[in-house]
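Throughout, protein chains are lettered first and strands after them, A, B, ... in sequence-line order, and every chain is numbered starting at 1.
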Amino acid sequence: MKYWLMKSEPDAFSIDDLKSVKVEPWDGIRNYQARNMIRDEMQPGDLAFFYHSNTKVPGIVGLMEIASEPRFDHTAFDPAAKYFDPKSNPDKPRWYLVDVKYIRHTKRVITLSELKAEPALENLPLVRRGNRLSIMPVEKQAFEHILTMEERPAEA
DNA sequence: GCCAACGTTGGC
DNA sequence: GCCAACGTTGGC
């Protein structure tokens with residue numbers, strides 16, 4: 001089983017939104033590196049952190065499970081969709097997605113600044129300079145380390 | 001809202 | 001195939 005971190009802007013789709021719908025196709029990924037990870041490596045049962053980006057306090061806010069095999073992202077075929085890609089079509093699909101299933105909120109927001117301050121997480125792509133991946137792998141040890149951070153009191 | 005750091009596009 | 005211009009991401 002693999003571990004992931006997936007970013008979403010809470011204004012577009014938040015952990016609360018996921019909680020209310022329970023399962024959601026994680027569409028709109030238009031980056032080849034992220035695409036390849038979805039298509040080639042994600043499997044049902046994998047665990048992922050839900051990360052809120054582009055918000056006042058960016059950080060990890062929840063836990064979810066990969067809930068489907070990778071499949072075509074049909075929003076790429078729809079001219080009316082926000083993430084329409086004219087170069088993707090059902091004969092030559094370019095983009096993929098998986099369903100994600102809500103597990104729980106983290107007990108508190110584990111903020112980006114906290115994550116950056118952890119020597120144990122220095123290899124996490126999220127905290128590396130200039131990284132813009134919206135989906136990234138998390139090593140097992142790092143995943144477990146982050147879960148222990150959840151138990152600490154929130155920073156001041 | 002600013003802007004650094006990327007990724008993509010397209011002319012050549 | 002190079003690379004300048006442009007668009008996007010996302011922290012701050």
Side-chain angles (χ1 to χ4, degrees), chain A residues 2-21 24-42 46-64 66 70-100 102-103 105-139 142-143 145-150 152-156:
Chain A
K2 291 197 165 74
Y3 302 89
W4 307 95
L5 182 145
M6 299 166 76
K7 297 181 189 172
S8 178
E9 302 190 11
D11 287 348
F13 187 75
S14 72
I15 185 69
D16 291 337
D17 295 329
L18 180 61
K19 184 178 185 179
S20 62
V21 298
E24 174 80 2
W26 197 270
D27 60 19
I29 299 300
R30 299 292 181 265
N31 168 283
Y32 288 104
Q33 230 183 315
R35 188 279 309 270
N36 292 346
M37 289 188 280
I38 292 172
R39 188 188 59 188
D40 305 334
E41 294 181 52
M42 279 193 173
D46 287 357
L47 294 178
F49 287 123
F50 194 125
Y51 177 91
H52 278 177
S53 68
N54 218 344
T55 188
K56 204 162 147 195
V57 183
I60 290 170
V61 293
L63 207 54
M64 56 194 177
I66 305 306
R71 63 177 193 276
F72 304 148
D73 183 346
H74 286 264
T75 66
F77 310 145
D78 176 5
K82 183 178 177 196
Y83 294 105
F84 173 60
D85 179 357
K87 291 176 183 162
S88 184
N89 63 70
D91 295 328
K92 270 176 81 179
R94 177 180 290 196
W95 304 113
Y96 287 71
L97 58 72
V98 288
D99 288 343
V100 295
Y102 178 81
I103 296 179
H105 283 56
T106 47
K107 293 173 186 170
R108 59 187 189 82
V109 179
I110 304 167
T111 66
L112 177 61
S113 65
E114 287 177 77
L115 295 166
K116 280 182 172 169
E118 292 293 312
L121 301 178
E122 64 183 7
N123 289 323
L124 185 68
L126 184 75
V127 303
R128 303 198 69 105
R129 189 170 144 273
N131 189 279
R132 300 188 330 185
L133 272 180
S134 59
I135 292 182
M136 69 188 70
V138 180
E139 290 173 11
F143 195 91
H145 183 82
I146 292 168
L147 286 177
T148 68
M149 294 173 66
E150 185 183 22
R152 300 179 199 163
E155 58 181 5

Is there a side-chain contact between [X] and the phosphate of [N], meaning an N or O under 4.0 Å from OP1 or OP2?
X: A/Arg132; N: B/dG7; result: no
X: A/Lys7; N: C/dG10; result: yes
X: A/Tyr51; N: C/dG11; result: yes

**Prompt:** Checking all strands, does A/Lys116 fall into the base, sugar-phosphate, or nothing category for heavy-atom contacts under 4.0 angstrom?
**Reply:** sugar-phosphate

**Message:** A side-chain contact here means heavy atoms from C-beta on lying under 4.5 Å apart; do A/Thr55 and A/Glu9 qualify?
**Reply:** no

**Prompt:** Quick one: does A/Lys116's side chain get under 4.5 Å of A/Thr111's, heavy atoms only?
**Reply:** no

Rounding to a whole Å, what distance do you find between [X]:[atom1] and [N]:[atom2]?
X: A/Arg35; N: B/dG7; atom1: CZ; atom2: C1'; answer: 14 Å
X: A/Arg30; N: C/dG7; atom1: CZ; atom2: P; answer: 19 Å
X: A/Asp85; N: B/dG7; atom1: CG; atom2: P; answer: 18 Å
X: A/Glu9; N: C/dT8; atom1: CD; atom2: C1'; answer: 10 Å
X: A/Lys82; N: C/dG7; atom1: NZ; atom2: P; answer: 17 Å
X: A/Leu115; N: C/dG11; atom1: CG; atom2: P; answer: 11 Å
X: A/Asn131; N: B/dA5; atom1: CG; atom2: P; answer: 13 Å
X: A/Leu126; N: B/dA5; atom1: CG; atom2: P; answer: 17 Å

**Message:** For A/Leu126 and A/Asn131: C-alpha separation, side-chain torsions, deciding distance, then whether side chain to side chain contact (heavy atoms under 4.5 Å, CB included) applies.
**Reply:** CA-CA 6 Å; A/Leu126 184 75; A/Asn131 189 279; 6.0 Å; no

**Message:** Name the residue from A/Thr75, A/Val98, A/Ile38, A/Leu97 that meets the side-chain contact (heavy atoms from CB on, under 4.5 Å) definition with A/Ile29.
**Reply:** A/Ile38

**Request:** Name the residue closer to the 5' end of DNA chain B, choosing between A/Asn31 and A/Asn54 according to the nucleotide with the nearest heavy atom.
**Result:** A/Asn54

